[in-house]
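Chain letters run A, B, ... following the sequence lines, proteins first and then strands; every chain starts at 1.
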Amino acid sequence: MKMHELDITIAVDGTVSVHVQGLKGPACEQYARFFGRIFSADAEVQRTSEFYMPPEEVETGLNLENLG
Amino acid sequence: MSVIVRIPLGLFILDLTVANETLAGIAKAAGKMMNLELASPHAGSGAGVNSVDLDVGNVDKVGVGVGNSMVFHGNGVTVEFRQDASGNTGVTVHGDRSEDELREIGQKLANSIVQQYAYHRLVTEMKERGMNIVEEEVEEDGTVHMRVRVYQG
């Protein structure tokens, strides 16, 4: 079973920052849509080197597709 | 990859249209941090020599047409969060203080509400999707950190 982690910071002004770790490829952009949708706001995305790595095969259990 | 979302205060105000215990709890906790009491929505906009309006950010006008408000009182200051019948949101701070002081008080209260609102929305949405919060801590300045573990497959 594959696993990745999110480091989430909620600043005192309410700004939410999420760092996605252990998820390679553009699949992690689904998190940008997910968090943006929760707060009806545009999510600013900063791509790290993991974004440009080949995506892993994902047997969607949690499913990232369920993030909406 | 990092994702940064700046939450508009107006979103919380729009959620007042579905006023429930959770939102009231968020507001009450935030007010307590500022020594402001959550008052009856019918308490009025309050009196004071000065008043300032805060920027609440742009939000989609969902749930419009239901006028609602949340009012805080304390230390000679009144802070009103409201949505009028047209769906326009706003925050006004009244009191016998300078406009700069009123703006600072209102902004601090608004920030506190938005932070707690963000926390509540995040935790609720993530739990619904089976995402596990494995660590959580609050720094001295109030910043909240969470580590969330997601299993796939």
Side-chain angles (χ1 to χ4, degrees), chain A, chain B residues 1-12 14-15 26 30 33 57-63 107-126 128-153:
Chain A
M1 183 175 285
K2 291 177 179 170
M3 181 266 287
H4 60 271
E5 290 188 336
L6 312 178
D7 281 326
I8 301 176
T9 301
I10 310 174
V12 289
D13 68 353
T15 300
V16 176
S17 305
V18 183
H19 184 65
V20 184
Q21 293 186 356
L23 186 62
K24 296 172 183 171
C28 50
E29 283 211 326
Q30 292 182 47
Y31 279 114
R33 290 194 290 274
F34 172 61
F35 289 108
R37 184 183 55 76
I38 290 176
F39 296 114
S40 302
D42 291 330
E44 178 186 320
V45 176
Q46 295 172 349
R47 294 171 179 171
T48 59
S49 56
E50 280 184 307
F51 177 87
Y52 299 99
M53 296 173 84
E56 296 174 351
E57 291 281 331
V58 175
E59 296 172 20
T60 49
L62 160 70
N63 278 324
L64 296 184
E65 286 140 21
N66 290 342
L67 293 176
Chain B
M1 188 193 79
S2 294
V3 178
I4 299 168
V5 185
R6 292 178 179 82
I7 302 162
L9 173 62
L11 185 65
F12 170 78
L14 286 177
D15 245 1
I26 289 170
M33 292 169 67
N58 295 320
V59 291
D60 293 332
K61 290 181 181 178
V62 292
Q107 195 59 59
K108 279 186 178 173
L109 176 63
N111 286 350
S112 181
I113 284 177
V114 169
Q115 189 195 30
Q116 297 199 36
Y117 178 67
Y119 175 85
H120 171 74
R121 285 291 297 266
L122 274 176
V123 170
T124 302
E125 294 276 349
M126 292 191 302
E128 281 180 3
R129 288 163 178 78
M131 299 159 78
N132 302 312
I133 300 170
V134 294
E135 278 179 36
E136 186 174 322
E137 64 177 5
V138 182
E139 290 183 12
E140 275 186 26
D141 71 352
T143 301
V144 177
H145 291 289
M146 288 189 283
R147 182 181 294 268
V148 177
R149 196 161 287 161
V150 181
Y151 293 97
Q152 297 168 283

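- In terms of heavy-atom pairs under 4.5 Å with chain B, the best-connected choice from A:Val18, A:Ile10, A:Thr15 is A:Ile10.
- In this structure, chain B has a heavy atom under 4.5 Å from the backbone of A:Ala11, while its side chain stays farther away.
- With hydrogens and angles ignored, the 3.5 Å screen pairs no side-chain donor or acceptor of B:Arg147 with any backbone N or O of B:Ile133.
- Of the listed residues (B:Asn111, B:Thr124, B:Asn132), the one with the most heavy-atom contacts under 4.5 Å to chain A is B:Asn111.
- Taking chain A as the reference chain and counting heavy-atom pairs below 4.5 Å, the highest number among B:Lys108, B:Glu135, B:Gln115, B:Gln107 is found for B:Gln115.
- Taking the six-membered ring for Trp and thresholds of 30 and 60 degrees, A:Phe35 and A:Tyr31 have nearly parallel ring planes, at less than 30 degrees apart.
- A:Ile8 has its side chain out of reach of A:His19: every pair of non-hydrogen atoms, C-beta onward, lies at least 4.5 Å apart.
- For the residue pair B:His145 and B:Glu139, a side-chain donor N or O sits within less than 3.5 Å of a side-chain acceptor on the partner.
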